[in-house]
Amino acid sequence: MEGRSDLLRHLEAVLFIADEPVPTADLAVLFELPSNRIEELVLSLRDDYEQSRRGIVLRSVAGGWRLATHPDSAPYLERFVGEQRHGRLSQAALETLAIVAYRQPVSRGQLAEIRGVSSDGVLRTLIARGVVIEVGRDPGPGQAILYGTSQVFLERLGLNDLSELPELADFMPDSKAVERMESGLGPGL
Amino acid sequence: MEGRSDLLRHLEAVLFIADEPVPTADLAVLFELPSNRIEELVLSLRDDYEQSRRGIVLRSVAGGWRLATHPDSAPYLERFVGEQRHGRLSQAALETLAIVAYRQPVSRGQLAEIRGVSSDGVLRTLIARGVVIEVGRDPGPGQAILYGTSQVFLERLGLNDLSELPELADFMPDSKAVERMESGLGPGL
Amino acid sequence: MTYAVKLDVFEGPLDLLLHLISKERVNVADVCIADVTEEYLRATAALGEVDLETASSFLILAATLLELKSLKLLPSRSTVDPELRLLLEERDRLLHKLVVYATFKKVAVQLENRMTANLGYHSRAAELPDELVPAAPEILRGLTAQKLAQAAVRALTPPDKPSVDTSHITRITVSLEEMVTQLRSRLEREGSGSFRQMFGSARSRIDVVMALLAVLELFKSQAVDIEQERPFGEISLTYRPPASGAA
């Protein structure tokens, strides 16, 4: 059995890495402890943050626990975020956006298949920034959510509609590559 | 003027929100403090984490400061995240990564020349993992794309910059091994 | 002798060559190509499907081994022979490639160790909290339709077909047919001569091999008589005109 402080640090690490609020029940399963024990630990972690005046707070939101920055630091965070590369599209985000733009409607699974890695993180960013939106459901089994680009996306790029996206063929290095790519492209666009 | 502990919590909040290592210089601009003051603050935050046995550590990596979970919590994190975030790379991918790291900027052709086979497939994996990125174009005819390693690569290896890579010369086969290769290759003089 | 050709440990022809030379400690000139081939076929059959890249890598390697074997079979007479020097230079080039490759192979292990040591550190894949989104710069700032199209092309183009570097294998510059024609017309003109005289100007060892094959071809069609007094001695060639009836 691990001591209380060990459990606390593992709990902190899990909450640190989580990108969504973590329900008590999930933590109970993870640490193989009853929910009331988890509640106790989480609350003691929260008190610890408060008492030691940390920049991080532990919040109970939307049915779960989540770490967040202390509101007092907001001015610094806003300046930091405004100046940092946070605003820039990463290469992964740019590629994901490009695939969504040219192959929409597209599911997470299709994106992962094309890029060879999960695109969930960048997709979430693109959705949060309003440039990618849900556009429907796959009629097939599983009913996967399908994604497409938003009106905001068109406006930012100065396009009236998707038909004004440049022809990919104009950007291909050579004709052979065009053939290879077309065979990989669906009938969509 | 804000007190030391206030600065520390703002610093913690900024590092919490950052999505890549933050250089001391950026923090100096943000907090309007000389770099050596920032270093002092960062190190005291790091010591604080260590002494209070937190689940989070502060690392100096890829030319900046980065919060990460303590390795002790790794088993819980892997269970929590579901899969290993950074899956193992294949032998071919590691070899290609090593060549890119030491020979950057390097083209596909140069990679194939060194390995004796095309590295296109593994190169794509490395790019999708974010450890290799396009860094430019060969000015010569053909304008081959040139590849190099990314910040993520440094972070994954726990290096601050490329100069911290081990000396390639230390990994040369010794004279006995070279002799064996030479005699293995056929008739000498 | 058997050679354990475990395909999963080989990623390229240099890898396989390196393995044969430094791990098995064999002299490639003594490697039986048939044995290696048999092992290779057995391994691919076990895999169930043939990976094009591995298969072509294997062919390249087999060709390399054959060429090195041919180097061994022909006697090296003099160190000043320019042709021999060329061959040795070629061999040195391959040796150099092997050394460079072996170095990277070794350092790759070190990189992997470092990565493994750092596996336990997980950083946040930090999504910007909603309250900070307004403070962030416009995410599409600076993005043009052209840049987007370029990114789409990059993302949607499948990787190039696997290709194999053949630069370490000597190209055949003269075909057997051409060599036979050349040799026949020269013998018609000169009547006889030594093999060395005839082919002293051959550009590379592979050309010498082709010349020898041409001589054997003419011998088979009874257009030449061959004489060699002792092993590795001069080979003298004498032209045999076609039977008078055909002339």
Side-chain angles (χ1 to χ4, degrees), chain A residues 2-19 22 26-27 29-32 45 48-49 52-57 67-86 88 90-92 95 112 114-119 121-122 125 173, chain B residues 2-3 5-20 22-23 26-27 29-32 45 48-49 52-57 67-81 83 85 87 121 124-130 132-134 142-143 145 150-152:
Chain A
E2 298 195 70
R4 177 189 167 86
S5 67
D6 268 331
L7 273 172
L8 268 186
R9 70 203 292 228
H10 297 323
L11 179 67
E12 185 179 34
V14 167
L15 291 173
F16 175 81
I17 216 70
D19 41 22
V22 190
D26 289 7
L27 294 170
V29 170
L30 182 66
F31 291 105
E32 295 167 10
L45 186 61
D48 176 41
Y49 280 149
S52 48
R53 286 177 50 77
R54 307 210 73 89
I56 304 170
V57 294
L67 291 183
T69 50
H70 195 289
D72 284 357
S73 302
Y76 291 98
L77 296 174
E78 279 164 22
R79 258 175 73 193
F80 177 72
V81 160
E83 284 162 18
Q84 286 295 304
R85 281 163 273 184
H86 251 299
R88 217 186 36 189
S90 66
Q91 190 159 327
E95 282 194 8
I114 294 168
R115 295 198 56 237
V117 283
S118 158
S119 301
V122 280
T125 303
Chain B
E2 296 194 72
S5 68
D6 269 330
L7 272 173
L8 268 186
R9 69 202 293 227
H10 297 323
L11 179 66
E12 185 178 35
V14 165
L15 292 174
F16 178 81
I17 220 73
D19 61 358
E20 57 187 2
V22 189
D26 288 11
L27 293 170
V29 170
L30 183 67
F31 290 106
E32 296 169 5
L45 186 61
D48 176 41
Y49 281 149
S52 49
R53 288 180 48 80
R54 306 212 72 89
I56 304 170
V57 296
L67 292 183
T69 55
H70 194 289
D72 284 357
S73 304
Y76 290 97
L77 295 177
E78 274 147 31
R79 263 169 70 193
F80 177 70
V81 177
E83 96 251 41
R85 266 203 187 180
R124 215 175 159 84
T125 307
L126 293 171
I127 291 168
R129 294 284 191 90
V132 166
I133 48 171
E134 291 183 26
Q143 302 233 309
I145 300 172
S150 66
Q151 291 280 105
V152 176

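Convention: sequence-line order gives letters A, B, ...; per-chain numbering from 1.
Between B:Phe16 and A:Phe16, the ring planes are perpendicular. Angles over 60° get that label, and only those under 30° would be called parallel.
Remark: A:Thr69 pairs with no residue by the side chain to side chain donor-acceptor pair (under 3.5 Å) rule, at least two apart or across chains. Residues passing the ring-ring contact (aromatic ring centres under 6.0 Å, His included) test with A:Tyr49: none are found, sequence neighbours excluded.
Under a 3.5 Å cut-off, the side chain of B:Ser150 and the backbone N or O of B:Gly130 do form a donor-acceptor pair.
The part of B:Ala68 that comes within reach of chain A is its backbone (N, CA, C, O), which places non-hydrogen atoms under 4.5 angstrom from that chain. Heavy-atom distances place no part of A:Val57 under 4.5 Å from chain B, backbone and side chain included. When heavy atoms are compared at a cutoff of 4.5 Å, A:Glu78 does not approach chain B at all. Heavy atoms of B:Asp48 lying under 4.5 Å from chain A belong exclusively to its side chain.
Most heavy-atom pairs under 4.5 Å with chain B, from the set A:Asp26, A:Leu30, A:Leu15, A:Leu11: that is A:Leu30. Put simply, of B:Thr125, B:Ile133, B:Ile127, B:Leu67, the one with the most heavy-atom pairs under 4.5 Å next to chain A is B:Leu67.
Side-chain polar atoms of A:Arg9 and B:His70 form a donor-acceptor pair below 3.5 angstrom.
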